[in-house]
Structure formats: C-alpha cells, structure tokens
Amino acid sequence: MVGQRVRTRFAPSPTGYLHVGGLRTALYNYLFAKRMNGDFIIRIEDTDQSRKVEGAQRNLIKTLEWAGIVADESPEHGGNYGPYIQSERLHLYREYCDRLLEDNHAYYCFSTSEELEENRQLQLKQGLQPKYNRKWLPEEMGGAVPSSEIARKIGEGCPYVIRMKVPDYVSVWFEDMIRGPVEFDSSTIDDQVLMKSDGFPTYHFASVIDDHLMEFTHIIRGEEWLPSMPKHLLLYEFFGWEPPKYAHLPLLLNPDRSKLSKRQGDVAVEDYIRKGYSADAIVNFVAMLGWNEGEGTEQEVYSMQELIEKFSLERVGKAGAVFNVEKLNWLEKQYIKNRPVEQIITAIKPVLAAELDKKETSMSRELISSDRYLGQVIDLMRERVGFEHEFVTFSAYFFFDPDAYEEEAVKKRWIPETNDLLREFVSALEAVEPFTAEAIESALKEFVAPKGLKAAVLIHPLRILASGVSFGPSLYHMLEVLGREAVLRRINKGMERIVVPV
RNA sequence: GGCCCCAUCGACUAGUGGUUAGGUCAUCACCCUUUCAAGGUGGUAGCACGGGUUCGAAUCCCGUUGGGGUCACCA
C-alpha cells in the first residue's frame with residue numbers, strides 16, 4: 001500500500017445520463033489521481049439488468065471526455081485489470097462468494113420477497129427496525145436451519161439469495177479522509193444480500209471485490225455511501241484484505257438544500273451542454289463546489305491543469321453545497337471574455353450555418369460566414385453574451401436584417417422630426433469614406449452640431465433601425481461591421497416600416 | 001423513527017484561540033457611458049442556540065436546535 005501508485009475510480013451504473021454530482025465525483029477522482037501521478041479508471045456497474053439503458057455507457061464516457069476527464073483504463077480504453085464491466089465479471093463474484101459461504105460469513109436465504117415484505121411490515125408495526133429475521137441462518141452459524149434442509153432447497157432448484165452474516169455486536173471504525181474517524185455499531189446493520197437470485201451480485205459485494213482486485217488505493221465517492229461503509233469494511237475483513245482509503249464527498253444540493261435532483265432544475269450534464277455551457281466553466285464551477293485552494297487565495301477561475309496542480313482532498317469541505325446557476329453563468333462569461341477568437345469562431349460557425357439554413361438573409365452569406373466578419377462580431381459582443389451560441393442568436397442582427405423593431409424603444413426615441421433627420425443623414429452616410437467607426441462618428445457629429453442637436457437624437461434611432469433593438473455594442477462600430485450597404489438598406493427599409501408615434 | 005454526516009453573509013467560501021470576520025456570485029447605490037453589457041468605487045448582509053474550557057473563542061469540548069443522507073434481490 002505504501003509507495004503504491006495511486007489508482008482511483010469512477011463507477012457509474014449505466015442507467016442514463018451523467019448527473020452533475022457524478023461529474024464532480026469523477027472530477028475529484030481524476031484530479032486526485034493526476035495530482036498524485038496516478039491513474040483514473042472507469043468501471044461500469046451494471047449489476048442491475050432491469051435498469052440498464054442502451055447507450056448509457058458510451059454516453060457517460062463521452063460526456064466525461066467532453067469535460068476533459070479521460071480515463072487511463074475503462075471498458076473503452078482497456079487496461080490490465082479488466083474487464084471493466086461488472087456483468088462480464090460474474091464468475092469472480094461467484095468465486096469469492098463461495099469463499100464466504102465456506103468460511104461461514106455468508107449463507108443461503110430462500111425467503112421470498114413477499115415473506116420479506118410481510119416481515120418488514122410486522123416489525124414496523126411493532127416499532128422495530130426493519131431487518132432480515134435470519135430465518136434461513138444455518139445451524140452451524142447459530143441459526144435454526146439444518147444444512148440438509150439447505151441442500152434440499154438447492155436441490156429442488158428453489159431461488160435463493162446469498163446474504164452476508166453481519167457479526168452481532170462489533171464496532172466498525174474507519175478514518176475518512178474528509179471527515180475523520182467514523183464509527184458504526186454492527187447491530188444496526190442488516191444481513192446484506194451479496195448475490196441476487198438472478199446470479200448477479202449486489203452493488204455492495206461487486207464493488208468491494210472489484211475495488212480490491214483492481215487495486216484501487218483511494219475510493220472517492222458521494223456521501224450517500226457513508227452509511228454502507230460497515231458492510232464494505234466487514235467484507236474486507238472477511239476476506240482478510242486491506243481496505244483502500246476512503247473519502248466521502250459532501251452532496252450537491254438543490255436551492256432548498258435537499259439532495260440535488262430533477263424537478264428543481266437541470267441535473268444532467270447534457271442539459272447544461274445543450275444550453276451552451278462550456279466544459280471549462282462546468283468543470284471549474286463543479287470543482288469549486290466543495291473544494292478550494294484556501295489560505296487567502298482569491299482566484300475564482302481555474303483551468304483543468306491548475307486544478308490538477310492544486311487539488312487536494314484535505315481541502316475538500318464537509319458540508320453540502322448548493323448548485324448555484326448564477327455563479328455558473330458568471331463563470332461562463334469569464335471564459336467567453338477570455339477565450340481566443342479563433343476558438344469561438346470555430347465553435348459558432350455550425351450554429352450560424354444552422355440559422356442560415358432556417359432563415360433567409362439579405363446579407364452576403366459568404367461575408368457573414370467569414371472568419372474576419374465573425375471575428376469582428378465576437379470583438380463587439382464578447383462582453384455582452386452569456387453563451388457562445390448567443391454570438392449568433394443574441395446578436396442575430398449581424399446576420400439578418402431586423403424584421404421587427406422594439407416597440408417601447410421606438411416610442412421613446414422617435415420625435416416628429418426623426419425621419420426627416422434620418423433621410424438627410426443617409427446622404428451623409430453615403431459619402432462617408434472609409435466606412436469606419438471613426439469616420440461615421442465624426443460624420444454624425446458634424447451633421448448634428450450645426451443644427452444644435454445632441455448626437456443622441458440620431459444615435460438611438462440609428463441603432464434601432466440597424467439592429468431592431470435598443471441595446472448592443474458601440475453604435476459606430478456596429479455600423480462599420482455591418483457595412484455601408486446593409487446599413488443604408490436597413491435605414492431606408494426601416495423608415496418605411498416604423499410607425500411613428502404621435 | 002434508528003444509524004450516520006453536517007452547520008460563517010441569500011449562494012460558494014477564507015478563517016484553524018487574539019482579525020474592524022476576508023473574497024467571489026447575487027443584490028443595492030454611485031461613476032463611466034449613445035443603449036446594453038463590461039469595468040470601477042462604495043453599501044446592505046454572516047459565525048444557529050445554550051453551556052463549558054480559556055486571560056481570550058467563528059475556531060476546542062458537551063448539549064440543543066436545524067438541515068441532509070441512509071435504512072432494497074437500486075446503485
């Protein structure tokens with residue numbers, strides 16, 4: 001154990017999407033492993049055949065890789081400890097279960113689920129903790145069932161499960177890397193089912209066997225697993241194995257502080273991807289939910305590389321953390337503000353292409369799809385958008401002539417003389433050479449000054465005509481990027497369509 | 001309910017016996033400004049409560065309260 005290469009794991013069940021809590025668990029496992037120059041492994045826990053979802057495994061791994069979490073070993077990457085899918089390891093569980101049976105640490109149980117339920121109800125009615133009544137505990141383990149009876153049931157082909165025999169009154173203790181010492185009394189623990197009647201192991205059994213065989217040094221998982229620690233520890237003891245180190249992470253919470261769940265917002269990483277969040281922001285955000293560098297650091301933005309360099313389990317907090325979308329949004333903006341243009345251009349080209357497929361435009365498709373044009377749009381808009389796709393959707397006027405004008409804004413900015421002034425200014429604009437922000441600005445100021453008017457009387461209407469909306473980047477720069485042709489077209493067309501308020 | 005975990009501004013958190021309890025998001029005000037952002041400045045806002053220990057507790061101990069998790073042939 002000492003001096004051993006660190007190995008951590010993320011062990012999802014392939015039942016659907018990747019939960020953001022799962023992403024954080026995977027991330028912490030990954031960061032810790034990488035920090036320690038170790039390996040991060042993905043194992044698929046598909047011991048519940050009924051819950052298995054087609055394609056889930058692929059999707060889980062794909063989403064992790066989207067986030068930048070690439071496994072050193074997994075069903076897809078291979079490795080020396082495979083197979084990495086539990087349903088392909090059934091013979092192993094059977095083999096180890098037999099050992100437990102031989103050593104009297106486990107026993108056959110033929111109780112039906114109806115019996116179990118009945119027993120549970122009875123105990124509940126009596127005010128007792130629902131617990132298996134050990135009806136099938138064999139004589140040699142202190143129970144009442146002769147081995148001949150067990151042999152007979154097996155011979156008859158009766159369905160059975162195998163349960164672990166939890167010793168009666170022992171104290172189970174371990175040192176959690178995040179929480180410190182935690183102690184349990186075995187009398188509160190049920191005789192956990194190890195092998196189900198369909199021949200598959202339960203989570204508890206399979207994960208202990210695999211964690212040992214795959215030689216993980218550290219198990220980093222959600223706090224919801226803390227109560228099952230004694231079962232796992234007892235199994236290690238039965239086998240005479242040294243357990244790995246454990247770290248139980250605090251939970252991710254809904255705004256009402258319950259365990260993060262659907263119905264109170266999005267929980268699937270894919271939901272956030274779909275909305276346009278970047279891997280940079282999601283990873284950064286989720287990493288900070290429970291971990292921080294400490295010691296007066298005021299850094300908020302961390303790259304994956306920095307996280308790897310700085311992460312430590314000692315600095316993971318104990319209390320649950322609310323998944324606060326507002327801060328995520330802020331982080332996303334930070335990344336958009338600082339991301340290289342080329343990268344954004346690449347990202348938004350397909351978005352633009354899709355929009356262009358849906359809608360006609362009077363602009364030159366070639367022009368507005370060019371790197372140069374997109375680069376200019378990005379320069380003007382990067383401090384104004386919340387997501388990359390908004391470079392296209394939120395600033396649609398860079399790609400499509402407006403087909404409506406903000407009513408309130410028109411009402412506020414139009415005076416009876418506005419259209420006349422605009423008509424006159426159009427001639428001035430036609431003459432502006434070159435058609436640059438500076439030239440447009442001085443043209444406008446020179447136009448307005450002799451009339452004793454403020455620039456604002458034209459600025460606002462121009463913006464509305466050019467973009468359809470009352471907000472956006474610097475007017476002059478916007479006009480420059482749009483180009484003379486589009487600007488004049490939009491002004492002329494707009495004046496025909498605007499209903500001047502009386 | 002039993003067991004287990006947890007507890008600093010609305011949220012994320014720094015703090016490890018002596019601080020005017022700091023930062024970030026959000027929020028409010030002001031500045032900048034052609035709009036919207038961005039940015040700048042400032043403000044509101046917190047140690048759950050009660051006992052100890054100590055010269056001195058957000059920090060250590062106990063209890064209370066509160067919150068959460070978990071009690072399956074699901075993981």
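Worth knowing before you read on, the calculation uses all heavy atoms, side chains too, and leaves out hydrogens, waters and symmetry mates. Chain identifiers are assigned alphabetically (A, B, ...) following the order of the sequence lines, protein sequences preceding nucleic acid strands; residue numbering begins at 1 within each chain.
The residue among A/Phe184 and A/Gln129 whose nearest nucleotide of RNA chain B lies closer to the 5′ end is A/Gln129. In this structure, A/Ile459 and A/Asp256 both approach RNA chain B, and ranking their closest nucleotides by distance from the 5' end singles out A/Ile459.
In this structure B/G2 sits in a base pair with B/U70, meeting the Watson-Crick or G-U test at under 3.5 Å. Across all strands shown, B/A75 remains unpaired; no Watson-Crick or G-U wobble contact has both distances below 3.5 Å. With a cut-off of 3.5 Å on both Watson-Crick or G-U wobble distances, the partner of B/U16 is given as none. Using Watson-Crick or G-U wobble geometry with both donor-acceptor distances under 3.5 Å, B/C30 finds its partner in B/G40.
Looking at every heavy atom in both residues, A/Ile189 comes nearest to A/Lys131 through O-CE, 3.3 Å.
When distances run from any side-chain atom of A/Ser474 to the nucleotides B/C73, B/C12, B/U34, the shortest one goes to B/U34. With distances taken from any side-chain atom of A/Tyr476 to the nucleotides B/A75, B/C5, B/U34, the minimum falls on B/U34. Side-chain atoms of A/Leu251 lie closest to B/G68 of the nucleotides B/U35, B/G23, B/G68. For A/Pro227, the side-chain atoms get nearest to B/U70 when compared with the rest of B/U35, B/C12, B/U70.
Regarding A/Ile178, its CD1 atom lies at a distance of 11 Å from the P atom of B/C6, rounded to whole Å. Between the P atom of B/A75 and the NZ atom of A/Lys231 lies a distance of 11 Å, rounded to the nearest Å.
Counting any heavy atom pair closer than 4.0 Å across all strands shown, A/Leu475 reaches a base atom. Heavy atoms of A/Ser197 sit under 4.0 angstrom from at least one base atom. At a threshold of 4.0 angstrom between heavy atoms, the contacts of A/Pro12 with the nucleic acid are absent. Within 4.0 Å (heavy atoms only), A/Ser111 reaches at least one base atom of the nucleic acid. No engagement by A/Glu293 is indicated, since no non-hydrogen atom pair under 4.0 Å with the nucleic acid exists. A/Gly222 comes within contact range of no nucleotide atom at all, as no heavy-atom separation falls under 4.0 Å.
Within the model, atoms CD of A/Glu408 and CD1 of A/Ile464 stand 11.0 Å from one another, a figure rounded to the nearest 0.5 Å. How far CG of A/Leu100 is from CE of A/Met164: 7.5 Å, rounded to the nearest 0.5 Å.
In this model, the phosphate group of B/U34 is not approached by any side-chain N or O of A/Lys445 to a distance below 4.0 Å at OP1 or OP2. Considering only side-chain N and O atoms, A/Thr47 lies nowhere under 4.0 angstrom from the phosphate OP1 or OP2 of B/C74. Between A/Arg315 and B/G15 there is a side-chain N or O to OP1 or OP2 distance below 4.0 Å. Close to B/C73, at under 4.0 Å from its OP1 or OP2, lies a side-chain N or O of A/Arg163. OP1 or OP2 of B/A38 lies within a sub-4.0 Å distance of a side-chain N or O belonging to A/Lys333. Within the 4.0 Å cut-off from OP1 or OP2 of B/A11, at least one side-chain nitrogen or oxygen of A/Arg257 is found. Phosphate contact (OP1/OP2 of B/A75, side-chain N/O of A/Lys196, threshold under 4.0 Å): present. For the OP1/OP2 pair of B/U13 and a distance below 4.0 Å, the side-chain nitrogens and oxygens of A/Asn292 include no atom meeting the criterion.
The aromatic rings of A/Phe323 and A/Tyr272 sit tilted relative to each other, their planes meeting at an angle between 30° and 60°. The aromatic rings of A/His204 and A/His232 lie tilted to each other, with the angle between the two planes from 30° to 60°.
Side-chain atoms of A/Lys454 and base atoms of B/U34 include no donor and acceptor less than 3.5 Å apart. One can find a donor-acceptor pair under 3.5 Å joining the base of B/C36 and the side-chain atoms of A/Arg384.
Looking only at atom types and distance, the side chain of A/Ser278 has no donor-acceptor partner in the side chain of A/Glu388 under 3.5 Å away.
Between A/Trp225 and A/Tyr203, the ring centre distance stays below 6.0 Å.
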